[in-house]
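Note sheet for the following structure.
The model shown is predicted, which means the values in this text are computed figures rather than measured ones. Proteins get letters first, then strands, A, B, ... in listed order; numbering begins at 1 in each.
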2 protein chains.
Amino acid sequence: MKTKDNKIPEATIKRLSTYVNYLGRLGTDSNPVISSEILGESCQVSPAQIRKDLSYFGEFGVRGVGYDTKKLEAEIKDILGINHSWPTTVIGVGKLGQALLNFDFFRNHGFRIIAAFDSDPGKIGARITDEISILPTGDIEKTVNEKQISIGIITTPADWAQDVADRLIAGGIKGILNFAPIKVKVPDSIILRNVSITSELDNLAYLLTQKKRQ
Amino acid sequence: MKTKDNKIPEATIKRLSTYVNYLGRLGTDSNPVISSEILGESCQVSPAQIRKDLSYFGEFGVRGVGYDTKKLEAEIKDILGINHSWPTTVIGVGKLGQALLNFDFFRNHGFRIIAAFDSDPGKIGARITDEISILPTGDIEKTVNEKQISIGIITTPADWAQDVADRLIAGGIKGILNFAPIKVKVPDSIILRNVSITSELDNLAYLLTQKKRQ
DNA sequence: CCAACAATGTGATAACTGTCACACAATCGT
DNA sequence: ACGATTGTGTGACAGTTATCACATTGTTGG
Ligand SMILES: NC(=O)c1ccc[n+]([C@@H]2O[C@H](COP(=O)([O-])OP(=O)(O)OC[C@H]3O[C@@H](n4cnc5c(N)ncnc54)[C@H](O)[C@@H]3O)[C@@H](O)[C@H]2O)c1
Ligand SMILES: NC(=O)c1ccc[n+]([C@@H]2O[C@H](COP(=O)([O-])OP(=O)(O)OC[C@H]3O[C@@H](n4cnc5c(N)ncnc54)[C@H](O)[C@@H]3O)[C@@H](O)[C@H]2O)c1
């Protein structure tokens, strides 16, 4: 795969994720080929935007025809790096952590949760699946290191997020997805992304308020 | 509150949410005043960016001093429209829906979940809290209308998201927060925001892959 | 009262992102 | 064989967002 440039807009990556998700839901048998027009309608993105997004990474379509559905899906998965399974762990098996642990979608789309941690003695040892049982927080460093876990998902209360992040990093984690409503500090070598559900709701509230005030 | 302009960057709103969240966590007693420098360090935003963000809405600080912590928090809540409680409902009381229903944080920060819906006969009728028990999907229109619910949070499987959205809209909903991995179609008058956890993970995978390939 | 200082608010500028039009390549029908 | 048609790929342009420098304004200590 060629990357013409390394200055890809973040929004482009987000859209690629949408495209690949939609392509995966398509019956490839009935739709062997798809145009940017049709794809755009489903993803609510302009056709030109789709072509532009793809053009950052190469030429995947056939002029006058469109894109081979299956091939395009594979190409985007390759671009995003979800054509293999990233070993992943969840720390904090509360309400949200359990939802993520039981979310099968991940398994088929590039992520494999292979460990779970909690600090609650009442939870430690509980089986989640055949291969996962809840480990104590103190084991994070060792386990991440031994199992070569790449991605850590933090779903502990905010007060513990930094501590957990530090442990993950000590164990050699590569990337962190943080659900706690706090900005954890990590060295530049670690990729960090935050999911802020609260901020999405706040945004909704703002737009509703705007509409009312206008 | 004055709004100088109605072209506020979406990123600004997202950051305001971060600021207000951080300010809420501060002990206002020990920190009656805060500078853009300090706030920026905690929120990982440049001081200039913070001042710019706030300047879209007015002048809230005192030159040479900084911002009154409590007052700034109140001002941002006012800007975002989270200085009162939005009546909210969750549709799809599965793993994720339950996590959201039990997330107390919302209650103290501008959102009050006052109804929950599911289509599973085994779940209907179950009590969530004193005031909420799970209602059947067929009641969405009526309940949203009667209780004047403003915001609907969709946590059903993707295949049902559009149906649920249509019912919410028929009931007079104002805004929708959608967790299902599909783009639901809504009229322009409805505010729609999507939370895509998968896309955040994809983004993480992309960045990790980039790092590896570089 | 004034000078030294601290931190805000903002216009100018740079960087980034999205839109659009159209050249170009492949296919299809005659 | 070739013109008509379809839909991609991309350069030029427009719009948006972030960064920076500094003028401005309030505070504090002598
Ligand atoms: N529930 C939601 O809908 C929601 C939404 C947005 C953000 N969040 C955030 O996600 C995080 C988890 O939320 P939740 O609702 O699942 O809370 P929860 O209380 O249900 O779960 C937290 C879990 O973390 C465990 N834990 C505490 N300290 C720990 C530590 N040091 N190491 C490992 N595990 C530890 C607890 O034992 C518990 O099982 C919080 O930071 C919350 O703000 C939750
Ligand atoms: N669990 C996660 O971590 C996670 C992460 C990202 C996105 N999501 C998305 O959130 C949604 C819910 O995920 P989940 O893990 O909670 O699934 P789940 O299967 O645990 O829950 C889905 C719930 O929706 C109910 N439901 C089904 N059809 C309905 C209808 N027509 N009306 C009302 N309720 C209906 C089901 O009875 C069930 O209780 C899915 O779209 C999923 O893709 C989940």
What integer distance in Å separates [X]:[atom1] from [N]:[atom2]?
X        : N       : atom1 : atom2 : value
Glu59(A) : dT8(D)  : CD    : C1'   : 9 Å
Glu37(A) : dT5(D)  : CD    : C1'   : 15 Å
Ile34(A) : dT6(D)  : CD1   : P     : 18 Å
Phe57(A) : dT8(D)  : CZ    : P     : 18 Å
Arg51(B) : dT24(D) : CZ    : C1'   : 12 Å

Give a yes/no answer on whether the side chain of [X] brings an N or O atom under 4.0 Å of OP1 or OP2 in [N].
X        : N       : result
Arg15(B) : dA18(D) : yes
Tyr67(A) : dG9(D)  : yes
Ser36(B) : dT8(C)  : yes
Tyr56(B) : dT16(D) : no
Lys7(B)  : dT16(D) : yes

Start with the C-alpha gap between Leu204(A) and Trp86(B), add the side-chain angles, then the distance that decides, and say whether side chain to side chain contact (heavy atoms under 4.5 Å, CB included) holds.
CA-CA 10 Å; Leu204(A) 195 51; Trp86(B) 294 91; over 6 Å; no
Checking side chain to side chain contact (heavy atoms under 4.5 Å, CB included) for the pair Tyr19(B)/Leu80(B): CA distance, chi angles, key distance, verdict?
CA-CA 11 Å; Tyr19(B) 306 156; Leu80(B) 293 176; over 6 Å; no
For Phe105(A) and Phe103(A), take the angle between the two ring planes, folded into 0 to 90°, and tell me which bin it lands in: parallel under 30, tilted 30 to 60, perpendicular over 60.
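Aromatic pair Phe105(A)/Phe103(A) classed parallel.
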Are any non-hydrogen side-chain atoms of Ile8(A) and Phe57(A) less than 4.5 angstrom apart?
yes
